[in-house]
Amino acid sequence: MNWSEITPDDWAELIFYGAIATYVAIMIPKLFRGSFTAAIGALLFWALIFFGAIAAYAYRVELRAIGDRVVAVLVPGTAIETGAKEVTVFRRPDGQFAVNGSVDGHKITFMLDTGASAVVLRAEDAAKLDIPIRRLAYDVQVSTANGRTMAAEIEIPRLSIGPIVEDHVRALVARPGALRENLLGMSFLGDLASFSMTSDRLVMRGK
């Protein structure tokens, strides 16, 4: 642990826990006066709790990383912030990368699709964003897992994945019923500083 990196707030927490430990050490002999064995047992119990709290504090960054990894595995699509404008998403059991994002403040789940030239929204989700899907011009041909369909070109004012935010993102809205999942395509991915995939994770870095 690098003591020079401890902030004033960190020192305040350490002093607070130290004061509690001191208080407990003073009170235990008084509470168990006449029973030396019980006093020692209680003192050891509280000492273990105190040192456990100190250890958890010292390794809080590592413990948070472990907790984030557990959440990411249990809740596929969770974008974990792993750096400045960097998120990590773990692969789903079916082998796909689901990515939870936000479109103009609305939570939307996307499937990563590096073969898609643009972000593609299901008509059903586009309607939730107050996009007038019945008045759109479906004149762009796209290929999906269900085959070819027609889509309408739109612009998403703001799309964010965790701390990564992109404005004025080119997107398409697929015809109603033509798409089962929203696609996170290259109109978003191409504007990232970088993105990479390994066997179990996707890492995206914003500019």
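Note that these values count all heavy atoms, side chains included, but never hydrogens, waters or copies made by symmetry.
- When all heavy atoms of Phe110 and Val119 are compared, the closest pair comes out as CE2-CG1, 3.7 Å.
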When you look at Met111 and Arg92, which way does the side-chain contact (heavy atoms from CB on, under 4.5 Å) test go after all the steps?
CA-CA 10 Å; Met111 295 299 298; Arg92 292 194 319 193; 3.6 Å; yes

Using atom types as modelled, flag every donor-acceptor pair under 3.5 Å from a side chain in residues 154-166 to any protein atom, sequence neighbours excluded.
from, atom 1, to, atom 2, distance (Å)
Glu155, OE1, His168, ND1, 3.2
Arg158, NE, Asp167, OD1, 2.7
Arg158, NH2, Asp167, OD1, 3.2
Arg158, NH2, Asp167, OD2, 3.2

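- With hydrogens and angles disregarded, no donor-acceptor distance shorter than 3.5 Å links the side chain of Glu86 to the backbone of Met204.
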Residues Leu179, Val120; criterion side-chain contact (heavy atoms from CB on, under 4.5 Å); working and verdict:
CA-CA 9 Å; Leu179 200 64; Val120 186; 3.6 Å; yes

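- Of all the heavy atoms in Arg91 and Gln96, the pair that sits closest is CG-O, 3.5 Å.
- Annotation: side chain of Thr109 is not in contact with side chain of Asn182 (no heavy-atom distance under 4.5 Å).
- In this structure, OG on Ser117 lies 5.0 Å from CZ on Arg170, to the nearest 0.5 angstrom.
- Cluster annotation: Val87 is connected to Phe195 through the hydrophobic network of ILVMFWY side chains, with a link wherever side-chain heavy atoms come within less than 4.5 Å.
- In this structure, Leu192 CG and Arg205 CZ are separated by 10.0 Å, a value rounded to the nearest 0.5 Å.
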What do the steps show when you test Ile131 against Asp125 for side-chain contact (heavy atoms from CB on, under 4.5 Å), and what is the final call?
CA-CA 9 Å; Ile131 296 173; Asp125 284 318; over 6 Å; no

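- Between Arg175 and Ala123 the shortest heavy-atom distance is C-CB, 4.1 Å.
- Looking at Val173 and Arg122, their side chains never come closer than 4.5 Å, going by heavy atoms from C-beta outward.
- Put simply, the side chain of Ser187 never gets that close to the backbone of Ala118: no donor and acceptor are under 3.5 Å apart.
- Of all the heavy atoms in Ala193 and Lys207, the pair that sits closest is N-CG, 3.7 Å.
- Between the side chain of Tyr138 and the backbone N or O of Ile133 there is at least one donor-acceptor pair closer than 3.5 Å.
- Interatomic distance, Ile108 CD1 to Leu184 CG, rounded to the nearest 0.5 Å: 12.0 Å.
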side-chain contact (heavy atoms from CB on, under 4.5 Å) between Met197 and Phe97, worked out
CA-CA 10 Å; Met197 291 175 284; Phe97 283 112; 3.9 Å; yes

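- For Asp130, the side-chain hydrogen bond (donor to acceptor under 3.5 Å, both in side chains) test picks out no residue, with sequence neighbours left out.
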